[in-house]
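Data first, discussion second: the structure below is written as structure tokens.
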Amino acid sequence: EAGVAQSPRYKIIEKRQSVAFWCNPISGHATLYWYQQILGQGPKLLIQFQNNGVVDDSQLPKDRFSAERLKGVDSTLKIQPAKLEDSAVYLCASSRDRAIYGYTFGSGTRLTVV
Amino acid sequence: GESVGLHLPTLSVQEGDNSIINCAYSNSASDYFIWYKQESGKGPQFIIDIRSNMDKRQGQRVTVLLNKTVKHLSLQIAATQPGDSAVYFCAETGNTGKLIFGQGTTLQVKP
């Protein structure tokens, strides 16, 4: 079974620029998550999708972050405009359903905002 | 608010020794706990899980212990190997159903 694919692996942008990350979950996984992991900390959930609907986006800074999952498969996470404190690894994870077990993470996108 | 914490940021052990990584959680309503291993440049990888109706669960070279009385979770790794070097996170499902991660413990294995 192929894993969760994310791109790009690395991205460096200047503050106030925009950036987008892409995630392709494991085939058949209905639930998709985006996490933010700041250096030295555990991942923090930003948004959870069930198919193409949002289940939880309570931790997403909606003034600058947006995410979508069209057709219930791939997902994109966008930041506009970026701030220095957005420097982090953005992890995508997927699971077959809303159960926590069977959760698989991608390798993440490391964002550096300068 | 909800939080899951680890007692030590770094643990250094000799190859072949046993490792114990600890975690304290604050939400008594949590009913499912997971240990993840994260190597540099990779996403967290599932190691072992335990439900709140159990106090011990064993896997291959790993054991998780749960003490609900003091809200404490530990991960024991037997015969630690260089490949075990990584950051280890405990995570819980709180009453919201979301997965909440702790800060992480870096395990360093000395040859």
Side-chain angles (χ1 to χ4, degrees), chain A residues 1-11 21 23-26 29 31-50 54-60 77 88-112, chain B residues 1-10 21-27 29-54 57 59 64 73 75 86-107:
Chain A
E1 170 177 82
V4 176
Q6 289 188 248
S7 67
R9 284 301 312 274
Y10 306 93
K11 191 73 177 179
F21 313 124
C23 173
N24 179 236
I26 291 173
H29 280 196
T31 309
L32 185 146
Y33 314 80
W34 282 102
Y35 281 81
Q36 180 193 59
Q37 186 175 22
I38 293 172
L39 184 65
Q41 298 183 16
K44 183 187 79 172
L45 181 67
L46 292 175
I47 189 167
Q48 176 184 349
F49 291 94
Q50 182 73 16
V54 175
V55 173
D56 184 349
D57 63 357
S58 58
Q59 300 297 307
L60 189 73
L77 176 69
V89 175
Y90 291 85
L91 294 162
C92 180
S94 70
S95 62
R96 191 169 299 279
D97 52 33
R98 289 170 106 174
I100 295 297
Y101 38 85
Y103 221 89
T104 303
F105 282 89
S107 294
T109 295
R110 180 176 295 279
L111 173 67
T112 302
Chain B
E2 298 174 350
S3 67
V4 177
L6 292 168
H7 293 304
L8 290 173
T10 303
I21 301 172
N22 295 305
C23 175
Y25 64 94
S26 59
N27 189 347
S30 295
D31 59 3
Y32 183 59
F33 304 87
I34 309 170
W35 280 101
Y36 284 93
K37 172 186 180 183
Q38 188 173 24
E39 297 174 287
S40 180
K42 296 183 180 180
Q45 177 186 4
F46 173 94
I47 303 173
I48 192 167
D49 59 359
I50 189 167
R51 295 201 171 273
S52 58
N53 61 351
M54 303 171 68
R57 190 160 188 228
V64 55
L73 192 68
L75 175 70
V87 180
Y88 290 80
F89 293 96
C90 64
E92 64 169 322
T93 56
N95 52 15
T96 62
K98 287 190 299 190
L99 198 58
I100 300 169
F101 284 81
Q103 292 290 327
T105 291
T106 299
L107 176 64

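Note that the structure is predicted; figures quoted are calculated from it, not measured. Order of the sequence lines fixes the chain letters, A, B, ..., with proteins taken first and strands second; residue numbering starts at 1 for each chain.
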| Region of A:Arg110 in contact with chain B, defined by heavy-atom distances below 4.5 Å | neither
| request: For chain A, find which of B:Pro44, B:Gly43, B:Gly41 contributes the most heavy-atom pairs closer than 4.5 angstrom. | output: B:Pro44
| request: Side chain from CB out, backbone as N, CA, C, O: work out which of these in B:Gln45 comes under 4.5 Å of a heavy atom of chain A, or both, or neither. | output: neither
| Counting heavy-atom pairs under 4.5 Å to chain B, which of A:Ser107, A:Gly108, A:Pro43, A:Gly40 comes out on top? | A:Pro43
| note | Residue set satisfying side chain to side chain donor-acceptor pair (under 3.5 Å) with A:Ser58, at least two apart, ordered chain then number -> A:Asp56
| task | Answer yes if the side chains of A:Ser94 and A:Tyr103 hold a donor-acceptor pair under 3.5 Å, and no otherwise. | result | no
| side chain to side chain contact (heavy atoms under 4.5 Å, CB included) partners of A:Thr109, counting only residues at least two apart | A:Gln6, A:Pro8, A:Phe21
| task | Test A:Gln36 against A:Gln59 for side-chain hydrogen bond (donor to acceptor under 3.5 Å, both in side chains), laying out the working first. | result | CA-CA 10 Å; A:Gln36 180 193 59; A:Gln59 300 297 307; over 6 Å; no
